[in-house]
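For reference, the structure is listed below as C-alpha cells.
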Amino acid sequence: MSARGKILGSIRAAQGKPAEAAAEERERVRAHLAARPANARPAPPRDLRAEFRSRALALSSTLDDIAAMSAAPQAVAAFLTRNALPLTAVCWPELDDLDWAAAGLHVAARTARDGDLVGITGAYCGIAETGTLMLLSTPRAPATVSLVPETHIALLRAGRIVSGMEEAWKLLRSEMPALPRAVNFVSGPSRTADIEQTVTLGAHGPYRVHIVLVGS
Amino acid sequence: MQVTSMHFKARAKEKLADAKLQAALRKLQGNFVKGRADRVAELDNFEAIREAGAEIRERALANLDLYLAEFENNATARGAVVHWAETAEQANRIVCELAAQYKARKVVKSKSMVSEECGLNDALAAAGIEVIETDLGEYILQLAHEAPSHIVAPVVHKSRDEVSDLFEQKHGKPRKTGIAELTREAREMLRPHFLGADMGISGANFIIAETGSTLIVTNEGNGRMVTTLPRVHVAITGIEKVVPTLEDVATLLRLLPRHGTGQTITNYVSVTTGIRGAGESEGPEHFHVILMDAGRTRLIGSDLQPMLRCIRCGACMNHCPVYQSIGGHAYGWVYPGPMGSVLTPLYVGLENALDLPNAATLCNQCGVVCPVKIPLPDLIRKVRERQFERGLKPWWERAGLALWGWTARHPALYAIMTAIGARALAWMGGSGKLIHNLPLGGGWTGRRDLPAPQGKTFREMYGRHWRRS
C-alpha cells in the first residue's frame, strides 16, 4: 500500500471510521469549504484610512498622500530625493504607463534583479487592521519587485483599503477566478530579531517600505 | 535530528550554570512574554478569537483525512505535486530524489522545524548537495554546527560576541560588532546563494484545503526568496498543519504572530499556490509538497490528539519556568519546553525521553497562554501515565507508589503512619519549624528549607473538631 493510503487509512482507523469515507461525510466537508463560515474577530476599525495609516507607521512603513495616480512619479521622486536614494528603479509592468521620466526617474518595467535598489509596485488592497499591503503576483505584477531591492515603494488606492484579511479574501474571490501563484501580505520593511532579540530592519528584503496613498 | 533527551538532567545542570545563557533567557522573557501580553490586550474579544482558533484546529483534525485529500486535489489542480511520507527517512528520501531528478546542486532553505525533525540537511549533504539555511538564526547555527534552542528564535542562546567571532572566522571578513552590521554581512553573504540555488525548501505554517495553498509567516523575507527565486520549490510539513478555509487562516493569523513574537502580524505572510503561471517570468516551475506523518497519526483519536492543534508559536516555552531556567538544548530534540515534553516522547519513543514529561511544574502557564487552548499540563500528565503503564519508571519510584497506594487503601494504618510522620517531621523542624535537610529528599532541601508540619495530621485535627461540636 502507498504511504498515502497508509497515512489516511491509519487516521480513519484511529478515529474509528470505516476505511472508505461515506458520500455524506465527504459532502459535509465540501459544504464547509464552500460555506466558509465566519469566525469570531475583533470589531472592525471605524475609519479605515486612519487605522491603516497608524498601523503602517507603527510597523516602520512611511506614508505619503497624493490626489491622483498621475502625481505618483513626482511623489516617488520627492521621496527618493528626500532620503538621498538613487533615482533609478524597477516597477511593475502594470505601472509602465505612468510618466516616470517626466519626474526625473529612470524606471524599468520588469522583474527585479540583484543590484536593483528601488522597486515600485502597486498593491491589490490594503488591510486597515494591521497596516498591511496585499500583493498578488501576476505577469504584470512580479513579486520580486517588492522583495529584491533595498527600497520598496507601493502605490495604494485609498479606496482599496479594507477592514481585515477576511475582506481582502472576499475581494479577491469576487475579482479573480483563483488565487494567483503568490499572495504576499507585506507589513513594513523586512526585519530580524535573531541576534540578542534586537530588532534590525532590512534582513533579506527591503530596508524601507514607503506607501503612497492615492485619492481620498 | 539526533535525540539526546536521555541526557536531560546532566544537560539541565550545565545550562543552569551557564551565565551567558541565563542572560539570554532573561531577555527572551522580557520581549516575548511582554510582547504577547501587549498584543493580546489589543483584542477586545481575545478569548472568543482564541476559542475560534481552537475550534478551527479541532475541526481540521476531526476530518483530517478528508481535508488533506481536498488539499491534495486543489494543489494538484494547480500543478503542485503532493508526496506522502510515513517517516522522517521517507521524507528525506523524497527530497533527495527530487534534488536528483532536477539535478539540483545547491539548495536554499527557509526555517522548517519539520526538516529539523528529519535531519534533512545531513541527508542532502550525504547526497552531495550543498544546503544553505537562510533564516539568520538558522544560518548562524549552520555555521556553528549547532541545533536550534527555540522554535521561533533558534539562536536565542548565542550572544552577539559569539556571532561576531563566528562570522569573522567563517566569512574571512573584518570583525563586525554591531547587530545591524552583522545582519548586513549575512545578507550580503546569502544573496548570491538565493540567486544561484536550483531548489528552495521551505516549511509551511499552514496548508489550506480550500485552495491547495501552502502558507509561511516570516519576518526576514528569506522565505519569500526561497519560494520565488529557485526553479524548484519543495515545501515540507506535518500532516496536521491543514486548515479548511482562507477565513480560518485570517483567524489563526490573529493568534500566531501575537503569541510567537509579540507582533500584530509578521512582516510577510506568503501564500503560494501552484507553479509559475502562463506569461510569468518568475516563480518556481516545479512545486512539490511533502506531507509527513512521523508519529502524528499515533496521536489521532487518542486522549493526546489536542496536541496536534499546535500552531508552533512557542508561547508555551516562553512562559515556562523550566524552559526559562535551562533554555532549549537540554530538552535534546527539535521541540523544547512544554510542547516538547509532550511531543518528543511521543515522536521519538517514551523510553528515549523519560525526563521530559517530568521537567514540568504543572503550573499551567503554558495552558493559559496557548493560543489554541491545548491543555498542556493535562497532556504532560497523560504522558507520565503512559511511562508508568509501560513500566518505564525506576523500581524505587514504582515501589514507593505501590507502598503508598496500599497504605492509602488501609485507612487505620494510614492514620498511624501519617501521625508518626507528621510528628517526626515536626521534631526535625525544631524550634525554627524549618527542615534544613530532609533524608531522601535532599533535592528539595538542597537550596531551600521545608516548613515543618505542626505535629498533628489534618485527620486528627478534623476528628477533634468534630467531637467538640
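Remember, predicted model here, so these are calculated numbers, not experimental data. Quick note: numbers below take in every heavy atom, side chains included, and nothing from hydrogens, waters or symmetry partners. Each chain gets a letter, A, B and so on, in the order its sequence line appears, and its residues count up from 1.
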Does the pair [X]/[Y] count as a salt bridge with the N-to-O cut at 4.0 Å?
X	Y	value
Lys158(B)	Glu196(A)	no
Glu285(B)	Arg181(A)	no
Arg173(A)	Glu247(B)	yes

Practice item. Determine the option with the most heavy-atom pairs under 4.5 angstrom with chain B, choosing from Gly131(A), Ala141(A), Ala21(A), Pro142(A). Key: Pro142(A)
Donor-acceptor side-chain pairing of [X] and [Y] below 3.5 angstrom:
X	Y	value
Thr144(A)	Glu282(B)	yes
Asn184(A)	Ser270(B)	yes
Glu220(B)	Thr192(A)	yes
Tyr268(B)	Arg191(A)	no
Arg224(B)	Ser146(A)	yes

Between [X] and [Y], which heavy-atom pair has the shortest distance, and what is it?
X	Y	result
Ala52(B)	Ala40(A)	CB-N, 4.2 Å
Leu33(A)	Tyr67(B)	CD2-CE2, 3.8 Å
Ala203(A)	Thr183(B)	CA-CG2, 4.1 Å

**Study point:** CG-OG distance between Asn267(B) and Ser60(A), expressed to the nearest 0.5 angstrom
**Key:** 8.5 Å
Review point. Can you check salt bridge (Lys or Arg N to Asp or Glu O under 4.0 Å) on Arg4(A) and Glu86(B), steps first, answer last?
Key: CA-CA 8 Å; Arg4(A) 180 186 190 277; Glu86(B) 282 180 273; over 6 Å; no
Point to revise | Side-chain heavy-atom pair Leu147(A), Met225(B) within 4.5 angstrom cut-off | key: yes
Point to revise | Non-hydrogen side-chain atoms of Tyr207(A) and Arg184(B) separated by less than 4.5 Å | key: yes
Partner chain A: residue of [options] with the largest heavy-atom pair count (under 4.5 Å):
options	result
Ala250(B), Ala153(B), Ala69(B), Ala85(B)	Ala250(B)
Ile265(B), Asp44(B), Thr134(B), Thr261(B)	Ile265(B)
Val249(B), Asn222(B), Val155(B)	Asn222(B)
Glu72(B), Arg50(B), Gln263(B)	Glu72(B)

Are the side chain of [X] and the backbone of [Y] linked by a donor-acceptor contact shorter than 3.5 Å?
X	Y	value
His204(A)	Asn219(B)	no
Trp84(B)	Ala3(A)	no
Asp65(B)	Gly9(A)	no

